[in-house]
A.B. asks: 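Right, I'll just put the structure down here and ask away after.
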Protein chains: 2
Amino acid sequence: MPHERMRADAQRNRRAILAATEELLATHRPEQVSMEAVAVAAGVGKGTVFHRFGSRMGLMVELMRERAQSLGDAVETGPPPLGPGAPPGERLLAFVDAVVGLVARNKGLLAALGHAATTTTVGHDDSHDAHPIYRAWHAHVAALIRAERPDLPADVVAHVLLAGLQSDPVLQLLSAGEGAQVASALRVLVVGLLEH
Amino acid sequence: MPHERMRADAQRNRRAILAATEELLATHRPEQVSMEAVAVAAGVGKGTVFHRFGSRMGLMVELMRERAQSLGDAVETGPPPLGPGAPPGERLLAFVDAVVGLVARNKGLLAALGHAATTTTVGHDDSHDAHPIYRAWHAHVAALIRAERPDLPADVVAHVLLAGLQSDPVLQLLSAGEGAQVASALRVLVVGLLEH
DNA sequence: TCGACAAGTGGACCGCCAGTCCAGTACGTT
DNA sequence: AACGTACTGGACTGGCGGTCCACTTGTCGA
């Protein structure tokens, strides 16, 4: 599991594959970034990609995890208002801004995750478990909402707020550089939520 | 274009295909409802399905259009609060309720639309134009928001609000019969929006 | 009533993709 | 140096959306 215990060539290929995926995602539409294309761009065989990441979903999640790492750290141990210490309302606003920024900076990746989620073979019965990053974000947002508005079904409200990050039209706004508008729209909704 | 001018057998097959799609969507996961499966279930050839609807997306949009017809009528010419006459705020709340109800009643269809959108070959350059039904809903919501809050970027806020209808986690809540919670969560957001 | 022609039909076919398989390769350990 | 194992690559599979075209069948004017 920890990358440090992997064979040197495996580590090298892991990095090459992640870098190639990033590169392709930055220059092509997500559904054009096939696993084979990634393998070719990384200079490895298709089997290697699947051996390492298991599936398209696994590859995308891993890439997303790297991108979301610093935000996760900031939320858990960083300084307020993102980190612990500030009142929940402020933390929520800060988180929304941060998350929109993160998604905007990685336009194609969220779309690719969504694409992978609907494309990936659904052989197993546990069907739809969202990717771990979404789960973490949702848990955080729901907890903050619950702290300010215990009267609301925080889980559901959190899902609705985060839905924008998976919606095609919003993703397109972000690609078009309208990240600031999306963030401010979300802020308006959150503020309205907090002010009873 | 008008279905009445079609040959009798073509009309019959059109209905059979739509009915079969509905049936399959109600009993299987959307990504398992392949065009071939639809053709078989309808008792026609694959070519007929494509001749009539052009693509997977076209089929799903057509089905959605039928389902959304009565809502569209109610909004344009029906009685308040859904139809014209009531203040924008009330119309917006009524519309949100109605739309959540509609989506809940057609669980699989929205997911299938989303799936079609990401799956469908993207040969042409006009890339992402959302399906007409989403466009209509968005225009309506944006207009109502603009009427109550001219200071906000109504388009963007409308996209964020409607995003829930395309988000997998929310769609799952709806499938689980939690439609009422989703509707109330959206109401809370809208109310917060309207109360400055 | 009938014949002709456009509209409708069906299913073989194409290219593409996620994911599998396994024979071969090369790293790290002793 | 020699060995076992984890890693590697690419041919292969199954299934998809969509195309093609020879064939059939409603429709409508004469």
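Residue numbering restarts at 1 for every chain, and letters A, B, ... go by the order of the sequence lines.
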A.B. asks: Would you mind reading off the distance between A:His28 atom NE2 and C:dC16 atom P, rounded to a whole angstrom?
C.D. replies: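 Computing the A:His28:NE2 to C:dC16:P distance gives 15 Å.
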A.B. asks: To the nearest Å, how far apart are A:Met6 CE and D:dA6 C1'?
C.D. replies: 12 Å
A.B. asks: In whole angstrom, give the distance that lies between atom CD of B:Gln11 and atom C1' of C:dG8.
C.D. replies: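 The distance from CD of B:Gln11 to C1' of C:dG8 comes to 13 Å, rounded to the nearest Å.
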A.B. asks: State which of C:dG19, D:dC7, C:dT9 makes the closest approach to the side chain of B:Arg52.
C.D. replies: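 Between C:dG19, D:dC7, C:dT9, the one nearest the side chain of B:Arg52 would be C:dT9.
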A.B. asks: List the atom of B:Glu148, the atom of B:Gly89, and the distance in Å for their closest heavy-atom pair.
C.D. replies: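 It is OE2-N, 2.9 Å.
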A.B. asks: Report the distance from atom NE2 of B:His51 to atom C1' of C:dT9, rounded to the nearest whole Å.
C.D. replies: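 For the pair B:His51 NE2 and C:dT9 C1', the rounded distance is 8 Å.
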A.B. asks: What integer distance in Å separates B:Gln32:CD from D:dG14:C1'?
C.D. replies: 15 Å
A.B. asks: Closest-nucleotide mapping onto DNA chain D: is B:Arg12 or B:Val33 further toward the 5' terminus? I mean the 5' end.
C.D. replies: B:Val33
A.B. asks: Which heavy atom in B:Pro169 sits nearest to a heavy atom in A:His159, and how many Å separate them?
C.D. replies: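 Smallest interatomic distance, heavy atoms only, reads CB-ND1, 3.3 Å.
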A.B. asks: Whole angstrom is fine here: how far is it from CG in A:Asp9 over to P in D:dT5?
C.D. replies: 17 Å
A.B. asks: Taking only side-chain nitrogens and oxygens of B:Thr48, does any of them come within less than 4.0 Å of OP1 or OP2 of C:dG10?
C.D. replies: yes
A.B. asks: Could you tell me whether A:Gln11 atom CD has more than 12 heavy atoms of other residues or ligands within 6.0 Å of it?
C.D. replies: yes
A.B. asks: Measure CZ/A:Arg7 against P/C:dT25 and give the value in whole Å, please.
C.D. replies: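 Atom CZ in A:Arg7 sits about 14 Å away from atom P in C:dT25.
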A.B. asks: Looking only at side-chain atoms of B:Val44, point me to the closest of D:dT8, C:dG10, C:dA18.
C.D. replies: C:dG10
A.B. asks: What is the minimum heavy-atom distance between A:Val33 and A:His28, and which atoms define it?
C.D. replies: CG2-CB, 4.2 Å
A.B. asks: Does A:Asn13 put a side-chain nitrogen or oxygen below 4.0 Å from OP1 or OP2 of D:dC7?
C.D. replies: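 No, A:Asn13 has no side-chain N/O under 4.0 Å of OP1/OP2 on D:dC7.
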A.B. asks: Would you mind telling me which of C:dA18, D:dT8, D:dG18 lies closest to the side-chain atoms of A:Met35?
C.D. replies: C:dA18
A.B. asks: Please figure out whether A:Glu36 or A:Gly47 has its closest DNA chain C nucleotide nearer the 5' end.
C.D. replies: A:Glu36
A.B. asks: Calculate the interatomic distance between B:Phe50 atom CZ and D:dC16 atom P; express it in whole Å.
C.D. replies: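 Rounded to the whole Å, the gap is 11 Å.
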A.B. asks: Indicate, with a heavy-atom threshold strictly under 4.0 Å, whether A:Ser34 touches base, sugar-phosphate, or nothing.
C.D. replies: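 It contacts sugar-phosphate atoms only.
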A.B. asks: Considering all heavy atoms of both residues, which atom of B:Pro30 and which atom of B:Arg56 are nearest to each other, and what is their separation?
C.D. replies: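 For B:Pro30 and B:Arg56, the tightest heavy-atom pair comes out as O-NH2, 3.1 Å.
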